[in-house]
Each structure stands twice: as structure tokens, then as C-alpha cells.
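Labels below follow one simple rule: chain letters A, B, ... track the order of the sequence lines, proteins then strands, and each chain is numbered from 1.
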Protein chains: 2
Amino acid sequence: MTEAYNDTPTADTMETLQSNSYNIYFNDALAEVVRFVENGHYSRFFVLTDENTAKHCLPLLREKLGDNDNYDLIEINAGEESKDIDFCIGVWKMLIDFGADRKSLLINLGGGVVSDLGGFAASTFKRGIDFVHVPTTLLSQVDASVGGKTGIDIDSIKNIIGTFTQPKAVFIEYDFLKTLPARQILSGTAEMLKHGLICDADYWNLLKESDLSQPTAEMVYRSVAIKNQVVLEDPHEKNIRKSLNFGHTIGHAVETYSLVHDEDSLSHGEAIAIGMICEAYLAYKKTGLSLDELNEITDVLTSLYPFYQLREEMNDELLEIMKKDKKNQNGNINCTLLNKIGEFNIDNICTTEELIESLQYYASLN
Amino acid sequence: MTEAYNDTPTADTMETLQSNSYNIYFNDALAEVVRFVENGHYSRFFVLTDENTAKHCLPLLREKLGDNDNYDLIEINAGEESKDIDFCIGVWKMLIDFGADRKSLLINLGGGVVSDLGGFAASTFKRGIDFVHVPTTLLSQVDASVGGKTGIDIDSIKNIIGTFTQPKAVFIEYDFLKTLPARQILSGTAEMLKHGLICDADYWNLLKESDLSQPTAEMVYRSVAIKNQVVLEDPHEKNIRKSLNFGHTIGHAVETYSLVHDEDSLSHGEAIAIGMICEAYLAYKKTGLSLDELNEITDVLTSLYPFYQLREEMNDELLEIMKKDKKNQNGNINCTLLNKIGEFNIDNICTTEELIESLQYYASLN
């Protein structure tokens, strides 16, 4: 399974990656957006952004668009709350009001919220219109923009509703990352570290010795290449794509909990880092990860991410959220674990006791 | 184009039809449902019905299920209003509350509202769970259940949100039709007549000379076979599937208008019959339908369906609805017309003046 990933490009030149039905552009990405719009013969085009990207990123795109600056703008609030079905209805209604037809294009300019929500809204509007992603955060560049998952939330259950629909193209503009605050960069770094942990020990070793407050363009490229290769082999998550869920069963639960309860809630990466530590512990208990490797993973992640207090009285709610996880079957909670660093192990049913023990392991690190 | 349809089975025996990835069962259909559930190894199954089918049809299914009667029931109100996004959210929340997972099955037992809504809810729940259709009305048997279109409404705009997702099977139980009121039968007959008009003159001639208050099982089979053949050739409505839109540009507008304004609103078939008369008039004006054939179509349809008063002051609103039609491009209103009975002609842009003239033609028939 894991050998396929030894071929991961090291990216002397960051060539355009081919996904199943679309390209992922890296070089002069915004100029490629303009070329795509010009060549696409769309009747109309729309840009979905949040307030932050409208301020920091949209001007760069508009500059490139030049005379083609004739889009309608749909702006949402920044933050996971905008992925609620109510905001999706708002996007649909704006597309209706703007007169979007089946030959319209939606450009999702923003982070994962924009691409998940925009992808879902587009994939279902009039039974599907074209959309592309222009991810503006590190997290969305290395994770959300590639793979064709769209999703929205209901009652704070993340991505409970969605489709598998491929974008028509993805444009990765490294320069956007230069404007991001450190905390947002680190949110994306967690997914990059995951890519190393699940299928590329060399990449993990490179990352753990690098300054991850500003990953290089080559690192971004390498992570996208890994994710692209995984989803190409298994677009609908029947088997190896589940590798990408490492850290996410517990991580998603902690993220949802924090979203509901904390004023300054955890970023996705901060939550996934906690999830990876807990699930590395489960891997140590269940699938052969060595104690040394558990300690190494724990050390790297705790040095990068702030400690979050997991209290015993949170367990019931965390487990309740895990039980609603899409990855479960027959009511069993399912985790992707590791055999060792660089080798994943999917479909591990974990008991309530095991999960609580892993949460206690994290809590004991303080 | 039309020659392919000369092979339409005349159905001495109504063999199971093969669609692109699923079967359409006719013989002992409810027993086939039970077999499907048993062989599918689903973790759970759910039945979506409306209050009417829960009363009249569900008992027949339960009887066949016998010991497998362990489903959760999701019941909606009968009527198009239940296709609003708010009711779809209700279905999603019930699936969440019942603990549906990715290996769950949704059985849509009902008419077009149930199959359109249930198909959409299932195709997007956790990025897609399996669903099957057990259509209980003539209209849903010959139209909605085959072809993989799912859809819900926003602000009374019909099917503005939806997906192309194939069911895992369709089960057509002719006996359900015996319990239907005459008006519901005639609602389905309109689509059957359309099948003849667009691609099978023999079938049109058979239908127009038959007692359409109770179509035979063979007629139902023949209509399903025609629709199946069309959607097999063009699942995403890029070309010949547009033939099925004959009567629907104007018909949908009249249906939506009536839904909003009339206490006892038009049935789908009643509205589509009006649309077919208007669009036959447009075909006479634009695509070579002869005056004799226009008169024949008008006579058959006006003898079957009650006259509906189209007043001039309704035109603006009807045109406004047509402008929001999914089939439009670049703001132009698009109709499927006929060259002659049995031969369709797609992608005809119609001007406001032409559309109004066709509405006046219908209004003058009183």
C-alpha cells in the first residue's frame, strides 16, 4: 500500500498535477484562473469568498482578471458557522437572484469553508454547475481543495451533508500564504504532518526538522501530490482514502466540541493534532506503532500546538459526537491508525474504553 | 434520433429492464423489494412515505417484509410543499437521529415528491447512501422513478436544487395504481402521452384510442421502457434527454403559478397537458408540426384534462418563472418542440412574444 507513495515528486519544478478529471495548477496560478475563465465559454461567473479573502485575496485576482472583472460576488462570514445549511440556502438564493444558469461557473476563493460550502452549493444547484477552487489558506491548499469532497454542516455535525463532486480545476497560489497569521499556517501544517505519518516517513522526517511556521512551496506541492495520489486511487473512500482520516475521528469530535463550547475555538489543525496524538496512542495499543514512534509523534505535535484541556466530564459528549461520525458502520466507532510512521492501517473499530484511554493519554501530557 | 425508439418493447412479458447501473422490476415487484433488502447486507433501512402511501401502500410492503419488518419510518405530508428545502432538512435530521450510517438504505415509497426528495436527501446524506424507489402513483412510475434525477424546491422554484444520482433499483408495482383516484391516474397519463409525442407515433395512436382512466400494465411498461432508453443514452441531459422536456417549460411555469395562487392547484399532468398544447402550438409555428397534428394534439388533451383559465394578467409572472427554468442558457427561454408527432426537436429559443402567443392559443380554446 505505502510503496506507491515513495514516488511522490520532490518538486524541483512544480509541474501541474493531473487529477482524475482536472488539473491542479501551481505556477502563476492566478493567471491560470483567468485563462480558465476565458477558455471556458461560461455564460456567467460568480466568486464566493468570505470577508477576509474578499479583503486580502480578491484584489490580487481582480488585478489579473483585468477586463474580465465582470463577476457577481457572493460573500459569506469567515468561520465554520458559515457552513451551516442555512448559509448554503443563502448561497443558493443568491445564485437564483443573480440568474445563474447551468453554464455558469462558481469560483471558490477562500479556505476550506468556502470550498466545502461552494462545492456543495455548485454541485447541487440546478443539478450541478461547474466550480473551481482557488484555496487561500494552507489548510485548504493541502487538504480541502483536492479530492472532490464537498460538505456542509447541520446542527454543528461537520460535513454531514455533501457530495463527491470534482472541481473543474484547482489553482494553488503560494503567495496567498504570505498574508496568513501564524495560527492559520499551523492549522494547515497538521494535515501536512499527517500526510507524512500515513504514507511517507521521509516527508515526516523532513517536516519535523523544518521551520513549519512557513512551509516552503515545495512542501505544499509535495502534500498536494500525496493527497492527489491517494484520492485518485480511491475517489469514493472505499479503502485507501480512509488513510486520510488518521487523527480525524477524535480530532473532529474535539473540533466540534470546541466549536460549540469555546469562545475562541480550536482551529482544525489544532484539533487534528490532538486527534493524531490520541490515535497514535491507539495505534501503539492496537496496530503495532512502537513506543518510540508514539513518543516522537507526541513530542513533535505538542511542541507545535498549544495544549488543550480535555476534562473527564467532556468524554460523554465527545463520544456522542464520534458516534455520529460518517465513517462509522453498525454503530461502531472506526479509526484509521498507523502500523508505523509512514504506514497506515484502516478500519479499526475502537471501543469506548479504548477511546477514553486515548483521551486520558493526551490529558496526561500537560 | 427517433429510429432507436421503434424497438420499444411491446411487452408481452414485462421483463426486468436494465438501466445503466440498476434494474427496474415489474413482476412481483414487492417481493423483489424484500429480496433486495435481504441480499443488500445493509446495516439499517428506512422507509420514506407520505401520509397517503403510509395508509394505502405501506401495509402491502410490510406484509411482504414479514420478519424483516424492522425499518424506521420517515413520514412527510403529501403534496409538493413537502419538497421544500425545510422538509429536506427534516429528513436529514431524522436520518441523523435514527443513527443512519453510510451502509444504510432508504426506500422511497410514494409518488414523485417522495422519490425526488428522498433521492436528494439520500444522495447527499454523508455524501451519499443507497436508495431505491417504489413508486406508488402512475406519474412516478412512468416518470420520476427512472432516470436518476433528484430534486427539491426553494421558494417554490421546482427542482432548483438536486443531483444526478441513480437509485440502486426501481420496483414498479402495478397493483398500487388500482387504489388511485382518477385525477391522479390522469396526472401520469400526460407523461405517457408525451412519450408517444416525442418519439413513438404508434404509441401515441394506441394511447389516444384507449381508455386512459386505467392504463394497462403493458402501457406503463412501454412508457418506462421509452424513458429508460432515453436516459440511458443521455443521463446528464446534454442532448436527447431534453426531449423529455416537451411541454415542461410552459407546463412547469403554469404548475408553479397554480401552486402559489390556487387553493386547489393543478396536478403535474394537468399543467403539463397545458404546456404540451402551448408548445405544440410553438412547434406548429417554429419546427414544422402540421396544423392537423396541432389540432389532433389539442383535441386529445382538451378532451382528457379540464380547461384552466389563463388570463393575460398572469403572463408576466409566468414568464418570470420560465426565465428561472433550469433549462435556460444566457437568459434565453428554451423549449423542446416537435417536428411531427413522434419526432422531437430540442433547444429552441422562444421569444417572449412567441410564448405569450402560445398562451393565448391555449386561452382561446375555451
> Is there a side chain to side chain donor-acceptor pair (under 3.5 Å) between B:E191 and B:H268 once you walk through the steps?
Replying inline: CA-CA 9 Å; B:E191 294 289 349; B:H268 180 72; 2.9 Å; yes
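- The distance from the CD1 atom of B:I157 to the CG atom of B:D153 is 9.0 Å, given to the nearest 0.5 Å.
- Separation of atoms OH (B:Y22) and CG (B:N228) is listed at 6.0 Å; rounding is to 0.5 Å.
- Ranked by heavy-atom pairs shorter than 4.5 Å toward chain B, the options A:I85, A:T163, A:I152 are led by A:T163.
- For a heavy-atom cut-off of 4.5 Å, chain A lies close to B:F120, B:S123 in residues 114-123 of chain B.
- Neither the backbone nor the side chain of A:S104 comes within contact range of chain B; no heavy atoms are under 4.5 Å apart.
- Using cut-offs of 30° and 60° for the angle between ring planes, the A:F164 and A:H236 rings count as perpendicular.
- The structure places CG of B:N334 at 5.0 Å from CG of B:D347, a figure rounded to the nearest 0.5 Å.
- One side chain, A:K83 or A:N159, offers a donor N or O that lies under 3.5 Å from an acceptor on the other.
- Ranked by non-hydrogen atom pairs under 4.5 Å with chain A, the options B:G162, B:S43, B:G151, B:G128 are led by B:G162.
- Between B:E237 and A:R127 no salt bridge is recorded (no basic side-chain N to carboxylate O distance below 4.0 Å).
- Contacts between A:D325 and chain B at a heavy-atom distance below 4.5 Å involve the backbone alone (N, CA, C, O).
- For B:F246 and B:H248, the ring centers sit 6.0 Å or farther from each other.
- The most heavy-atom pairs under 4.5 Å with chain A, out of B:K93, B:K323, B:R44, come from B:K93.
- The residue among B:N328, B:D155, B:T124 with the most heavy atom pairs within less than 4.5 Å of chain A is B:T124.
- The parts of A:I160 that come within reach of chain B are both its backbone and its side chain, each placing non-hydrogen atoms under 4.5 angstrom from that chain.
- With respect to the salt-bridge test (charged N to carboxylate O, under 4.0 angstrom), the residues A:D101 and A:K126 do not qualify.
- Applying the 6.0 Å contact sphere to CG of A:N20 captures more than 12 heavy atoms from other residues, nucleotides or ligands.
- In this structure, the portions of B:I161 lying under 4.5 Å from any heavy atom of chain A include both its backbone and its side chain.
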